[in-house]
Every structure is written in C-alpha cells, then in structure tokens.
Amino acid sequence: MKKNDWILIAAILAVVLVAFLAVNFFKEDGAYVVVRVDGKEVAKYSLSENGEYPLNGGTNILRIQDGKAYLTSATCPDHLCVNQGKIDQSGETITCLPNRLTVTVYSAGTNDVELVG
Amino acid sequence: MKTKKVAFLGLCITLAMILSFVESQIPVSVAIPGIKLGLPNLVMTFLLYKVGWKDTVIVSMIRIVLISMLFGNIQTLTFSVAGAIVSLLGMILLKKIDRFSCVAVSVTGGVLHNVGQIIAACLWTQTAQIAFYLPMLLFSGTVAGAVIGLLAGLMLKRFEKWKL
C-alpha cells in the first residue's frame, strides 16, 4: 500500500464520521411514520398508537408496537425490508425495493414535505 | 484477440460468476441492505491491472447479465449495472492517475458501487430518504474494498511474471 492509499481511506472515513455525527446530532425521537410508494406519500401513522396496517394493497404489512415501526411481511422473496428491523428515530427508513415502498420516521416538530432531500 | 486471451477472459467470467454465487450464499445478518464483501471485484481489480480497462468492463458486464439471468430479475440487473458502471468508472480513473495502489482502486470501487446503488434505489422508488443508508454503506464499502484490494495485490504479485 502506498501513502496515498492511506490518505484516500482516511478521507473517506472522515466523511463517514462527519455523516454519522450529523445524523446523530439531528436525530430525534420519532412521532409518526410516512409511507411512500413510488415517491408519493400514501399513508401516515402515529408511532404512539399500536396497530397493524396492510400497505400498498397488502404487499407489505406494517406493525407499530411500543413506539417502534417495522414490517412483518412482504410479498417479495428476499424479505430485506422485514430484516431491516425496528425504527423509531427521525430519518430512519425501511425500504422495499421490489414494491418501490419506503417507511420513514419523522419527529413531532417537522413538516415532512420540507424534509425531502 | 489471441486464443489464449479469449480462454483466459472466459475463465475470469466464470470465476467472477462463482464468486457472485458464493457471496449470495453468505447470510447477511445486518439490517442494512447492500452491505457485502464484493468478491467479484477481486477479479475486476486483478483484470484492471493485468489486461486493461476495456476487457475488464466487458468481463464485468457479461458477469452481471449472466448472473441476473440465472438468479435475478430486471430489478437486480438494473441495480447491478448501476453499481458496476459507477464503480468501474471510478476505478479506471483512479488507476489512470497512477498515484495509488490497487488497494485504493478497490476501495474506490467498493464505495462507488454502494453510491451507484443508492442513487439507483432513490430513482427506482422516487424517494430521496433512502440516502439514509449511505453513511453505513460508505463505511462497509471502504472496509470490504480494502480487504478485496489487499487480496488483489497478493494475486497480482504472484502473477507478476505471467503474461497473456
């Protein structure tokens, strides 16, 4: 390995560190989740209410339990979205690529329309 | 193209396909989709130094098309191509600059592969929030790329006197 290799790796890791710090700094307890299909907001559910909701005509099932949101089933074969686990901090997102579906957490004070990007 | 080269590149495609398959059999227990070792990139990094970028791009694209036909679908093909194009571009450029070893080239490939796939995922779902995964993927891409790059360096050393 050359010295330049170390510099490049250090630079990338520095970017990663800054990104992690920024994400953690702006992270807040979530208040609700927004479900998007093909980029369009299709549903909004409060994290403070337990419940089970079929999404996108039943391709995925969203469960909200004890302030955390997670997907319990999906029609796709790999179930990556189910494996992504539980989310409850603002910005955290569960993605189901085959159904083009995402579930994103927002905190109480934010207007999700402004947060795009 | 010399017969020896045709045979060698054919072997490389096969090897890259086997590495793709091996990688798909490794269970990923982490919650972030897209984290992987990038084993096929071992072949691409090696080829980039041994036979040049044109043949490397051809081998990479054939591998992706064949693997998608065997195990994937149009979605996996789209994401593989997106990752491969961005990562190969970066690797070729970095090698052309000639100030880095194959480790940095491979790290760049790993990181840019993840960047390309996140961009593809954002376009695919029309949802920018997917960029939330990026910091974790940049980190895993760096580590995986470094491991693959060190391995590629060892291979290149052993094949130093070997010529096509």
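Letters A, B, ... are given to chains in the order of the sequence lines, protein chains preceding strands, and every chain is numbered from 1.
Residues B:Pro33 and A:Leu80 come closest through the heavy atom pair CB-CD1, 4.2 Å. For B:Trp124 against A:Arg100, the heavy-atom pair with the smallest separation is O-NH1, 3.0 Å. Residues A:Asp38 and B:Gln126 approach most closely at O-CB, 3.4 Å, considering heavy atoms.
Neither the backbone nor the side chain of B:Leu134 comes within contact range of chain A; no heavy atom of the residue lies under 4.5 Å from a heavy atom of that chain. Interface remark: A:Thr95 contributes backbone and side-chain atoms alike to the contact with chain B (heavy atom separation under 4.5 Å). Looking at A:Thr93, the atoms closer than 4.5 Å to chain B (heavy atoms on both sides) sit in the backbone and in the side chain alike. Contacts of A:Leu97 with chain B are made by both backbone and side-chain atoms, with heavy-atom separations under 4.5 Å.
Contacts of B:Lys5 classified as salt bridge (Lys or Arg N to Asp or Glu O under 4.0 Å), with partners at least two apart in sequence or in another chain: B:Asp55. Listed by chain and residue number, A:Leu13, A:Val16, B:Val143 satisfy the side chain to side chain contact (heavy atoms under 4.5 Å, CB included) test with B:Phe139 (two or more places apart in sequence, or in another chain).
Under the 4.5 Å side-chain contact rule for hydrophobic residues, B:Val6 and B:Trp53 share a cluster. A continuous path of ILVMFWY side-chain contacts below 4.5 Å connects B:Ile67 to B:Ile18, so both sit in one hydrophobic cluster. When hydrophobic clusters are built by joining Ile, Leu, Val, Met, Phe, Trp and Tyr residues whose side-chain heavy atoms come closer than 4.5 Å, directly or via intermediates, B:Val57 is not grouped with B:Leu93. Under the 4.5 Å side-chain heavy-atom criterion for ILVMFWY residues, a single connected hydrophobic cluster contains both B:Met44 and B:Val22. Linking Ile, Leu, Val, Met, Phe, Trp and Tyr whenever their side-chain heavy atoms come within less than 4.5 Å leaves B:Met136 and B:Ile26 in two separate clusters.
Taken from NZ in A:Lys40 to OG1 in B:Thr125, the straight-line distance is 11.5 Å, to the nearest 0.5 Å.
Looking only at heavy-atom pairs under 4.5 Å with chain B, the residue among A:Ala22, A:Cys81, A:Ala19, A:Pro98 that has the most is A:Pro98.
Under a cut-off of 6.0 angstrom, the local environment of CG in B:Leu70 is crowded, with over 12 non-hydrogen atoms contributed by other residues, nucleotides or ligands.
Residues of residues 99-108 of chain B having a heavy atom under 4.5 Å from any heavy atom of chain A, listed by number: B:Arg99, B:Phe100, B:Ser101, B:Val103, B:Ala104, B:Val107, B:Thr108.
Two residues are said to be in side-chain contact when any heavy atoms from C-beta on lie closer than 4.5 Å; B:Gln129 and A:Thr102 fail this criterion.
Every pair tested for side-chain hydrogen bond (donor to acceptor under 3.5 Å, both in side chains) that includes a residue from residues 143-161 of chain B fails, sequence neighbours excluded, so the list is empty.
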